[in-house]
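Worksheet: the structure to be examined is printed underneath.
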6 protein chains.
Amino acid sequence: MSGEMKIFSGSSHQDLAKGIAASLGMELGCSETHERPNENLEVRIMENVRESDVFYIQTASTPLHTNIFEMFIAIDALKSASARRVTAVIPYMPYVRADKKDRSRISISVRLFADLLVASGADRVLTIDLHAPQVQGFFRVPTDQLMAAGIICDHLCRKDLSNTVIIASDAGEAKDVGRYANRLDLPIGIIDKRRFNGQRQSDLIGDVEGKLALVIDDEISSAKTLVEAANFLMEKGAKDVKAVATHGAFSGNALELIESSPVSEVICTDTIPIQTSSSKITVLSVQGLFARAIRRIHDGNSLSALFR
Amino acid sequence: MSGEMKIFSGSSHQDLAKGIAASLGMELGCSETHERPNENLEVRIMENVRESDVFYIQTASTPLHTNIFEMFIAIDALKSASARRVTAVIPYMPYVRADKKDRSRISISVRLFADLLVASGADRVLTIDLHAPQVQGFFRVPTDQLMAAGIICDHLCRKDLSNTVIIASDAGEAKDVGRYANRLDLPIGIIDKRRFNGQRQSDLIGDVEGKLALVIDDEISSAKTLVEAANFLMEKGAKDVKAVATHGAFSGNALELIESSPVSEVICTDTIPIQTSSSKITVLSVQGLFARAIRRIHDGNSLSALFR
Amino acid sequence: MSGEMKIFSGSSHQDLAKGIAASLGMELGCSETHERPNENLEVRIMENVRESDVFYIQTASTPLHTNIFEMFIAIDALKSASARRVTAVIPYMPYVRADKKDRSRISISVRLFADLLVASGADRVLTIDLHAPQVQGFFRVPTDQLMAAGIICDHLCRKDLSNTVIIASDAGEAKDVGRYANRLDLPIGIIDKRRFNGQRQSDLIGDVEGKLALVIDDEISSAKTLVEAANFLMEKGAKDVKAVATHGAFSGNALELIESSPVSEVICTDTIPIQTSSSKITVLSVQGLFARAIRRIHDGNSLSALFR
Amino acid sequence: MSGEMKIFSGSSHQDLAKGIAASLGMELGCSETHERPNENLEVRIMENVRESDVFYIQTASTPLHTNIFEMFIAIDALKSASARRVTAVIPYMPYVRADKKDRSRISISVRLFADLLVASGADRVLTIDLHAPQVQGFFRVPTDQLMAAGIICDHLCRKDLSNTVIIASDAGEAKDVGRYANRLDLPIGIIDKRRFNGQRQSDLIGDVEGKLALVIDDEISSAKTLVEAANFLMEKGAKDVKAVATHGAFSGNALELIESSPVSEVICTDTIPIQTSSSKITVLSVQGLFARAIRRIHDGNSLSALFR
Amino acid sequence: MSGEMKIFSGSSHQDLAKGIAASLGMELGCSETHERPNENLEVRIMENVRESDVFYIQTASTPLHTNIFEMFIAIDALKSASARRVTAVIPYMPYVRADKKDRSRISISVRLFADLLVASGADRVLTIDLHAPQVQGFFRVPTDQLMAAGIICDHLCRKDLSNTVIIASDAGEAKDVGRYANRLDLPIGIIDKRRFNGQRQSDLIGDVEGKLALVIDDEISSAKTLVEAANFLMEKGAKDVKAVATHGAFSGNALELIESSPVSEVICTDTIPIQTSSSKITVLSVQGLFARAIRRIHDGNSLSALFR
Amino acid sequence: MSGEMKIFSGSSHQDLAKGIAASLGMELGCSETHERPNENLEVRIMENVRESDVFYIQTASTPLHTNIFEMFIAIDALKSASARRVTAVIPYMPYVRADKKDRSRISISVRLFADLLVASGADRVLTIDLHAPQVQGFFRVPTDQLMAAGIICDHLCRKDLSNTVIIASDAGEAKDVGRYANRLDLPIGIIDKRRFNGQRQSDLIGDVEGKLALVIDDEISSAKTLVEAANFLMEKGAKDVKAVATHGAFSGNALELIESSPVSEVICTDTIPIQTSSSKITVLSVQGLFARAIRRIHDGNSLSALFR
């Protein structure tokens with residue numbers, strides 16, 4: 001791309017955006033968002049972007065829909081201000097789990113989101129660890145998906161994993177678990193949850209007796225699933241329970257739930273801003289990974305090297 | 001339209017939606033909106049809508065962007081559930097004043113909204129009193145715009161208007177004022193506001209001495225403009241000040257501001273839910289007007305009759 | 001839909017198409033496909049279809065790409081002949097497993113297929129048992145997905161399932177297996193396949209000792225995965241191995257492989273034409289299910305009833 | 001933009017186009033337009049434009065629709081000849097006042113024009129002083145709008161404006177008038193026109209007694225509105241009447257009407273070719289302004305500097 | 001189509017439109033076209049068209065581009081007034097011969113026209129005798145092409161054709177000639193025109209000695225080609241020359257040229273208004289043919305019967 | 001174009017692709033196509049193509065539809081791998097003769113193909129000698145059409161053409177014949193084929209007595225038309241018959257038919273792979289022509305020079 005590279009950020013996660021820009025030796029582009037009394041947002045790009053190659057960073061954090069609209073408006077403003085290309089950098093994708101019609105007359109909302117993003121003018125998308133890999137296909141523009149597994153496994157490998165089993169908290173998540181199990185050469189177990197005669201019942205496929213159970217998921221939101229799994233695994237004889245998730249959404253009282261649960265550590269990344277002083281939460285940064293990806297996209301180099 | 005007519009409503013203004021349905025002798029269609037811990041909305045249409053002619057009612061009230069997204073998701077769900085036609089009924093249009101580029105590198109956000117609405121699957125739009133009539137042209141689908149002037153003038157005509165002047169609180173609003181002045185056969189005045197040498201200054205073009213000043217606008221949001229105008233008109237000798245606005249947004253402490261101002265009455269409609277017991281606020285209903293328009297759209301009859 | 005319902009079929013699976021039409025008390029619409037010396041296809045619709053509600057049936061059987069093109073050309077011919085609506089009925093979806101970018105610089109080809117189908121003029125899609133439910137979202141037109149689980153479980157329930165375990169032959173398929181396990185109230189097991197230090201290794205999560213192992217998948221193509229799984233399960237002590245798959249593609253020497261394997265029965269449906277006299281293969285018909293779905297789509301009735 | 005900049009012009013206003021090119025130190029690109037006996041136009045681009053950054057200049061002058069079609073055909077020819085980008089430079093926008101549905105069942109024709117222009121292949125638009133600023137939003141491609149107010153006010157400031165009032169000839173034009181009033185620090189007046197009991201009646205809001213009345217509008221076409229306003233202002237005691245309009249369309253006998261009216265001077269620009277030797281008409285040139293804008297668009301520099 | 005059928009007409013050929021409506025036992029829908037001083041057209045549909053099935057008739061006659069724009073604006077007005085379907089009925093297609101790039105950097109203008117027509121909102125097209133049959137494929141909407149050969153051959157068959165040869169005035173037209181030759185069972189001849197060493201030279205392939213030469217073309221515009229051909233054929237010994245063309249454009253002094261030429265009769269249809277009292281011109285009417293086609297399109301019946 | 005030029009090829013004609021690349025001093029880009037047991041193709045681009053200017057070469061040879069799909073999938077993969085521009089280089093266009101609706105309810109399949117190609121992501125098309133020049137207009141992206149006439153006439157001019165007549169084997173091909181006749185300054189003849197009272201009958205317009213008849217067509221597929229024409233021409237007294245066709249499709253037993261016919265030579269090009277050792281077939285190469293065109297497209301130079 002021959003235009004100048006510029007990085008702009010919405011309001012959702014300024015720390016991450018500044019970190020990415022800093023990793024690139026740049027400063028964030030100057031823009032202003034103002035909320036009118038009737039909640040209408042005014043986004044103004046404060047510097048010339050004609051013919052620039054713009055990366056706009058926004059993640060799916062609270063207030064969710066306001067943040068989404070700030071992104072749509074900013075992208076529209078950038079495009080109508082003649083930016084040559086706008087790449088939406090969305091570390092945590094909104095509505096990422098609404099990816100199928102598992103009930104009648106619902107919306108596949110992440111596909112709707114993808115359509116709206118493209119209608120707003122986005123030319124490319126850059127994200128990390130989508131819940132289902134098919135979601136990448138919902139975007140009508142070239143979309144790159146990074147993976148945090150490398151960063152997280154680097155962290156895990158510094159620990160003793162000799163007596164560890166990788167756990168999927170649901171049969172539907174078994175595939176993702178496989179990715180970690182392969183990289184770390186560890187056995188897997190699956191919690192098989194059913195609803196039978198109105199009763200919920202769980203069964204463990206595999207064995208955790210006396211082991212560290214490492215529960216893998218792509219995101220933790222209310223933490224209820226995780227804490228239930230942890231209690232169940234302890235009942236089944238696990239020695240310890242840790243959890244890994246790329247996206248630490250921690251909504252509601254999730255952090256309190258974790259604090260008072262048998263989970264001894266939750267390892268996640270900074271795709272979403274996390275406010276906690278809990279010693280149980282380990283936050284790894286994806287700043288460097290995103291910065292390297294942005295540089296390569298701008299320079300026209302392959303991203304394959306980032307997946308090792 | 002040969003399909004069955006159905007009316008659904010989002011969360012923004014259930015009272016209005018129920019009223020419109022009741023005017024049509026119908027009940028609202030059954031749908032559910034559920035908010036997940038991470039703020040993601042799940043909208044589920046609970047009854048068959050195949051081949052139906054659906055009218056979906058949502059207005060731009062708080063929480064604004066959540067309401068907008070509920071509408072997008074609901075329309076997507078309705079269309080993918082094979083509704084034959086979905087008409088978005090939007091009494092108060094979000095972002096309606098963001099209709100031009102009056103500063104560099106901003107978004108014409110109501111046009112962006114129009115594009116997103118159509119990308120969500122809306123086949124038609126029905127609204128009332130857009131800030132600028134050009135906004136109708138931003139929608140890529142047939143769009144009908146109702147006018148509340150008939151309802152409001154009917155109300156005003158029951159009062160003594162013998163010594164009244166219609167006031168535009170800004171030169172830019174002079175055109176709309178003309179519509180009321182014509183209908184009511186009253187003279188007009190304009191408040192000419194400037195910023196000169198960093199000082200704001202106002203001038204009155206026309207005469208309000210000893211008269212009832214009727215300030216006309218399409219919406220009242222923070223009410224600051226209105227209260228300033230009222231104070232200014234009282235200084236200029238007005239006997240009384242009343243205000244008319246189709247859309248009573250009344251954001252922040254707007255109602256308190258009005259209560260303690262010289263404005264003796266604000267006449268608006270129920271395009272937005274209004275919570276107040278103030279005796280100064282007169283709320284006229286657009287339920288019947290919308291119900292008649294919906295009926296005519298479904299039956300393929302002209303809406304002209306609704307404009308008298 | 002007020003137009004007349006008509007059913008047309010391509011060359012891929014005339015038996016199924018005739019069966020569906022017969023279930024609806026109709027005959028197939030008249031069309032001709034002719035192949036020129038240079039392989040170019042000529043499709044001619046031989047009867048008037050103006051304002052008709054056409055269902056065009058074609059499945060992904062051999063010769064695959066010729067059949068796909070016959071469908072595209074037929075749909076284009078139907079639409080330009082003024083059919084009011086054309087629903088592509090595709091029992092076995094081509095490229096359904098090419099639904100994600102699991103390697104660099106590949107195509108999500110089922111999404112490409114979906115785009116091409118819509119570019120050809122298809123207004124709706126009707127299919128059954130997509131490999132991943134997200135694939136439904138790749139279609140830009142209303143898409144209904146039927147499920148064969150009801151038909152297959154009805155068949156299974158007539159047998160003795162008292163000592164049976166449901167098996168996923170791969171961690172990635174665990175989710176689908178859950179659907180059957182739930183319906184039949186049976187335990188599950190998963191074959192955990194890895195590639196470590198260049199060696200492939202398998203592990204069984206769960207227990208099949210002395211049991212009937214019922215391997216569930218959405219399709220059987222080369223049958224290599226199935227036969228490997230069966231051998232592995234017998235090694236692990238299974239008493240018997242049966243397999244269930246909606247789509248019996250049986251490509252290459254799949255049927256011979258199965259014949260000489262420990263698999264005692266394969267239960268599938270007729271979404272793809274199957275030529276075999278093997279007593280091991282049980283073929284259930286989806287004709288009635290598709291016929292009921294088509295009737296309901298034409299009449300504007302909900303399909304929910306078809307999912308029980 | 002890395003491609004070579006080229007300027008082409010249609011038949012509507014060769015003088016302006018040559019002037020713009022000359023200001024840029026360039027010559028117009030070579031193209032030919034030929035009209036066949038059946039009025040069909042043949043436009044041929046006579047030089048290579050592959051990968052070029054083309055600016056095509058055409059204004060809305062007579063014969064209007066032939067000129068519009070010449071532009072559409074030329075843009076189509078340029079794009080199919082592989083021009084990298086084509087910017088339609090349209091000083092006076094056709095159908096610019098057909099921007100709203102102020103009567104039943106009419107077309108918002110300027111939006112239709114915008115759609116047709118984009119369908120012809122235009123990648124950008126450059127224009128000046130649209131009647132309503134919302135019109136910019138009708139274009140689906142980045143659109144820059146210049147303003148002639150700077151050029152016109154520079155001219156006015158060289159005159160004695162000590163006893164002057166800015167006049168809007170209609171309440172609907174009051175907003176534009178504000179822009180001039182602000183820049184020149186002058187009071188404003190508005191002619192309030194009504195139709196009551198079938199009679200047209202006018203009223204002056206503000207005061208012109210003994211003053212120079214400077215009537216502001218964006219365009220003068222038949223000049224009837226202007227001449228009526230001038231007569232009315234003289235009746236109201238104005239000392240002199242001058243008029244300002246960016247676009248001097250002067251259709252029919254407009255120039256004769258002005259010649260015999262009390263208007264002493266009309267100041268306009270050369271966005272439309274003007275053939276007159278009348279000493280009352282002062283034509284300022286927008287050549288330099290367009291040339292600077294084109295240079296900045298090509299170079300990727302901000303246009304903000306052009307608005308002061 | 002369940003909506004009511006309505007016929008509207010532009011200004012180009014009211015006689016034909018009224019004739020078509022009369023053949024259908026209907027009156028033309030009420031619409032008004034007004035030209036403003038700056039040539040901008042205002043088209044207003046004067047009756048309700050919601051949910052109607054509208055046929056809008058306009059032909060490519062003078063003033064060509066104004067007529068084209070009247071059609072675009074009318075279609076936009078009809079669609080935004082909620083007509084269910086608008087069929088553009090275009091007896092003589094504008095730019096029909098600009099169907100290929102036979103020189104560098106030109107526009108395939110009939111394809112551009114087709115795109116603009118669809119961008120204006122046309123849902124279908126109905127026309128007759130396109131210059132090349134491929135042009136039908138340029139329209140993105142269902143397009144029916146009628147043929148006048150039946151009407152014209154019926155007329156010819158009433159004459160003595162015993163000593164007649166069908167002539168193509170150019171090798172490029174030989175294909176169309178074949179259609180007539182086949183129907184009438186007559187031999188053909190071709191005038192082979194070349195440009196060699198800067199000299200134009202013609203050669204006759206076939207024999208006209210002592211025969212009636214019947215020159216066939218789809219349109220006659222300037223009549224120069226026809227008159228040259230006639231002179232050449234008389235030189236080659238033809239006894240008489242007659243001409244047949246569906247579209248009698250007769251631009252410039254075409255009628256005078258024909259009057260003073262050896263052509264004894266020109267047989268054409270009323271797809272374009274023809275003003276002449278010349279006894280040489282025989283005008284057959286396509287009113288009935290278009291009326292029958294419109295009826296069948298509305299009723300959903302096949303048009304095949306109209307081609308015999 | 002500032003990106004790097006890369007040439008990729010599908011499976012249809014690797015020799016031609018390698019020849020083109022070699023003419024450009026390049027090697028083909030690395031890609032792999034793998035066919036799964038169920039015929040699904042997997043195309044993988046094996047090198048980085050971000051920001052590259054890619055030319056993808058595929059011709060319409062057997063297996064036709066598999067080759068077409070390989071191209072669609074490859075283009076989709078290239079675009080989603082962020083190639084800046086992909087030009088589909090298609091020497092022999094599939095479905096090129098399906099360019100009109102000459103029967104009821106058929107598809108204009110080459111236009112459908114054009115739409116599907118663009119839906120797959122192609123940004124440009126490069127081809128040679130389309131059957132009808134109008135086909136170029138079916139592509140929604142810039143399309144260049146080369147001509148083999150130069151190469152073929154260079155070859156012919158080295159022979160004795162003193163007693164030669166150019167023959168069109170059908171009135172419909174007369175136009176193309178003209179191009180050769182003009183270049184070579186030779187007379188033409190046309191075979192006029194009819195079907196009358198169920199009998200096929202042919203007539204020769206022009207004279208071949210004692211001459212070399214040079215039959216011109218754009219393609220030879222089954223060779224039946226050619227061999228019939230040759231026999232007919234020999235009956236009419238031709239001394240010798242040769243044939244010229246850009247595209248030597250030679251399907252079925254075409255080569256045997258030619259071998260045993262009076263045709264003494266067939267001159268064609270290598271747009272399609274030809275396997276024959278027949279001394280009657282002369283194959284000229286278009287490699288150099290395509291290589292020059294690709295270079296000029298990449299460099300932004302005019303292609304006009306290639307047409308002389």
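Just so it is clear, the model here is predicted, and its values are computed rather than measured. In what follows, chains carry the letters A, B, and so on, assigned in the order in which the sequence lines appear, proteins first and then strands, with residues in each chain numbered from 1.
For the side-chain contact (heavy atoms from CB on, under 4.5 Å) with C:V89, the lone residue among C:V125, C:T127, C:L16, C:I57 that qualifies is C:I57.
Residues C:F69 and F:F69 form a side-chain contact, since some pair of their non-hydrogen atoms from C-beta on lies under 4.5 Å apart. Within the 4.5 Å cutoff, the side chain of C:S31 has no heavy atoms near those of the C:E47 side chain. Put simply, the side chain of C:I191 reaches to within 4.5 Å of the side chain of C:K193, judged on heavy atoms.
The stretch residues 249-259 of chain F places F:S251 near chain C, each with some heavy atom under 4.5 Å from a heavy atom of that chain. Annotation: residues 5-12 of chain F contacts chain C through no residue [non-hydrogen atoms, separation under 4.5 Å].
With chain C as partner, the option from F:E39, F:K79, F:E219, F:K224 having the largest number of non-hydrogen pairs under 4.5 angstrom is F:E39. For the set C:L116, C:N48, C:V43, the count of heavy-atom pairs under 4.5 angstrom toward chain F peaks at C:L116. Ranked by non-hydrogen atom pairs under 4.5 Å with chain F, the options C:I68, C:N67, C:V49, C:D115 are led by C:I68. Chosen from C:P63, C:S82, C:A98, the residue pairing most often with chain F at heavy-atom distances under 4.5 Å is C:P63. With chain F as the partner, the residue from C:A119, C:S80, C:A74 showing the most heavy-atom pairs under 4.5 Å is C:S80.
Salt-bridge annotation for C:R44 and F:D102: absent, with no side-chain N of the basic residue lying under 4.0 Å from a carboxylate O of the acidic one. A salt bridge does not link F:R84 with F:D123: every distance from a Lys NZ or Arg NE/NH1/NH2 to an Asp or Glu carboxylate oxygen is 4.0 Å or more. In this structure, F:E42 pairs ionically with C:R103, as a charged nitrogen and a carboxylate oxygen lie closer than 4.0 Å. Between C:R111 and F:D76, none of the side-chain N atoms (NZ, or NE/NH1/NH2) sits under 4.0 Å from a carboxylate O, so this pair counts as no salt bridge.
Of the possible polar contacts, one joining the C:T59 side chain to the C:Y92 backbone as a donor-acceptor pair under 3.5 Å is found. One N or O on the side chain of F:T143 and one on the backbone of F:V141 form a donor-acceptor pair closer than 3.5 Å.
Heavy atoms closer than 4.5 Å to chain F are found in the side chain of C:K101, but not in its backbone. Only the backbone of C:V96 comes within contact range of chain F, with at least one heavy atom under 4.5 Å from a heavy atom of that chain.
Rounding to the nearest 0.5 angstrom, the gap separating the OH atom in C:Y56 from the CD1 atom in C:I75 is 7.0 Å. Here C:L41 contributes atom CG and C:I73 contributes atom CD1; the two are 5.0 Å apart, rounded to the nearest 0.5 Å.
More than 12 non-hydrogen atoms from other residues, nucleotides or ligands lie less than 6.0 angstrom from CD of C:E35.
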